[in-house]
> 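Supplied in structure tokens, the structure appears directly below.
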Amino acid sequence: MNENAVNSIQEQALDPKDFQIQGADTASAELFARKPVTYWRDAWRRFFENKLAVVALCLLIVITLCTIFVPIFSSHSISAHDLLNRKQWPSAQHWFGTDDLGRDLFVRVWAGGRVSIIIGVLGAAIVAVVGCIYGGIAAYFGGKVDMLMMRIVEILSSVPNLLVVIMMSVVLESSSIPTLLFAMTVTGWCPIARLVRSQMLQISRSEYVMAARLMGVSPLKIVVRHMIPNTFSVIIVAVTFRIPGLIFGEAFLSNVGLGVQPPNTSWGALSSAAQSSLLYYPYMMFFPALLIALTMLSFTLMGDGLRDALDPKLRR
Amino acid sequence: MAKFILKRILYMLVVLFCVITLTFFLVHSIPGDPITSMVQDLPIETRDLYLQKYGFDQPLIVQYVKFIQQLLTGDLGQSLRYPGRQVVDIVANYAPVSGIIGGIALAIGFAVGILLGIIAALNRNRWPDRLVMVLALLGTTIPTFVFAAVLQYVFTVTVPLFPTTGWGTWGHLVLPVACMCVGPLASYARYMRSSVLDITNQDFILTAEAKGVSSFRIVSRHIFRNSFLPCITMICTSIAGIFSGSFIIESIFAIPGLGKYFISAINDRDYSVVLGLNIIFTGTYILSILVCDILLAIIDPRIRIAEEN
């Protein structure tokens, strides 16, 4: 009986292979089931969930494309006078009407947008780069260097920003775009420098940087791998919020008569030119003013969206 | 405390001195002399006499020392364009006008903004919050000159209720004040909202609620007081901006204020007035930040302790 039982089991020919775990070994347990959700991927998803921010982004893309292509492809010229068709209300021929010299406002508004957007975006980029380098150096060296550098920033930022811009553009006399950019960024980088410094200091005191240091990671690698990526999000948000300010600054300067000079134009210059005949020809004011407001609004909304996406802690 | 204040005042003087020096050399680095840029065809003798009169023939460093000496006696120099017009007199004549408009606008903006911010925060994610936030967003993004133009158009063409330009009666105040308070109002509302939301999540509010403190008392005593503190920093910089922040509004509404004078001095290339007014603007700015620092240190002991360490 006993023998029989053993035999029958043996006859069933049990194969040790049948008892192996299929499809999962120690190596596959280490594999990711799906692609890991990185910080940036997560931020990307959060940003696109925010409908308002996406609409703002689309609007900005449309405005930018128009400023690039409308002056190129339009049949009207930016500076061609047409004295027979002066001060025409918007029509099929002149979509935004014509100004007091008969120039087509549709083309002029988009051409003017070039100046405003270039100054906004380029100015923000300059402010970001200078601020990062300055703030980074101050935080990296610390001690006396840090104190001296921060005192300089404090002195520079205790002068009202608008006054600096006015003084610089009075002193520099010429009103080309590079001059305007210089005037607006000459002290504009100070807040960014402060922000970068305080962020870097905060990160350098955090546990994971301490851990990296203990493991003997070189200071340069710590800066490149930990400090810069972790300050990045804060900088992006701060810089996005600077853009409306820069666009407003340019509009302000042009409004006062210190900005771009004719025949070149900008939204600020267009709306200031329209100011004198506002009561009779309000359309001249309407379009550039609308575009300034829309662009500034879009950048602000996009900044809000970016902040919520990049820094979920700040979300309210 | 006395040490803290003294330190701050000393620091302010250093900053002011740096700014004055910087602006002086900036203004004097403008290519060409101010006389030539004003009048082109001037006989050389007349030009030299002018240069002599204003001391422009002397080396820059001598001019600088003279300028500082004058400043210490309270003399900010005189206009190049309108001889005999002292910068000090200009300030005395025009600053009150700017002060009145800016002061009223700031007071309204501050009070209404704070109130709206609290209302928005307490009704978080409901319609009052949404409404206030949309308005605040529009208020911060629409440039003041656009807003001013719209108001001017509406009140000239459709409803001529208030005078749209000029100065003199109470009616003249309405539109410029309305324009000027929009910006501060919007930013105070936004700021106060987030500040209140911050405080609402703190543990001590929970404790107060658990102890059965009435909700009115929680808002008025615990939330308002604590969330108000950061706004003091903001109001100090706004006070500083009263005199300089109204360039455009004053130009558009033809109000004889300091801002308008500053802009026309720039357009006239009246450098000595620009220099003098710039010092005044910066001086008031730095002074109000100083006052703000001291006030904050008195109100909030945490700041004082942090400073002293």
> Going by atom types only, do A/Q202 and A/S198 share a side-chain donor-acceptor pair under 3.5 Å?
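Result is no, nothing qualifies.
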> Could you walk me through whether A/W189 and A/V153 satisfy the side chain to side chain contact (heavy atoms under 4.5 Å, CB included) test, starting with their C-alpha distance in whole Å, then the side-chain angles of each, then the deciding distance to 0.1 Å, before giving a yes or no?
CA-CA 9 Å; A/W189 52 269; A/V153 165; 3.8 Å; yes
> So, are B/D129 and B/R190 salt-bridged, with charged N and O less than 4.0 Å apart?
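Salt bridge between B/D129 and B/R190, a charged N being under 4.0 Å from a carboxylate O: no.
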> So which of B/L137, B/T140, B/I142 has the biggest tally of heavy-atom pairs under 4.5 Å with chain A?
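Heavy-atom pairs under 4.5 Å are most numerous for B/L137.
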> Under 4.5 Å heavy-atom distance to chain B, tell me which part of A/F252 shows up: side chain, backbone, both or neither.
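A/F252 touches chain B through backbone and side-chain heavy atoms alike.
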> What part of A/L290 gets closer than 4.5 Å to chain B, counting heavy atoms only: side chain, backbone, both or neither?
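No part of it gets close to chain B.
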> So which of A/P288, A/A251, A/P244, A/G245 has the largest heavy-atom pair count under 4.5 angstrom toward chain B?
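If we count pairs closer than 4.5 Å to chain B, A/A251 comes out on top.
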> Do A/R151 and B/Y11 meet the cation-pi criteria used here (NZ or CZ under 6.0 Å from the six-membered ring centre, within 45° of the axis)?
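Yes, A/R151 and B/Y11 form such a contact.
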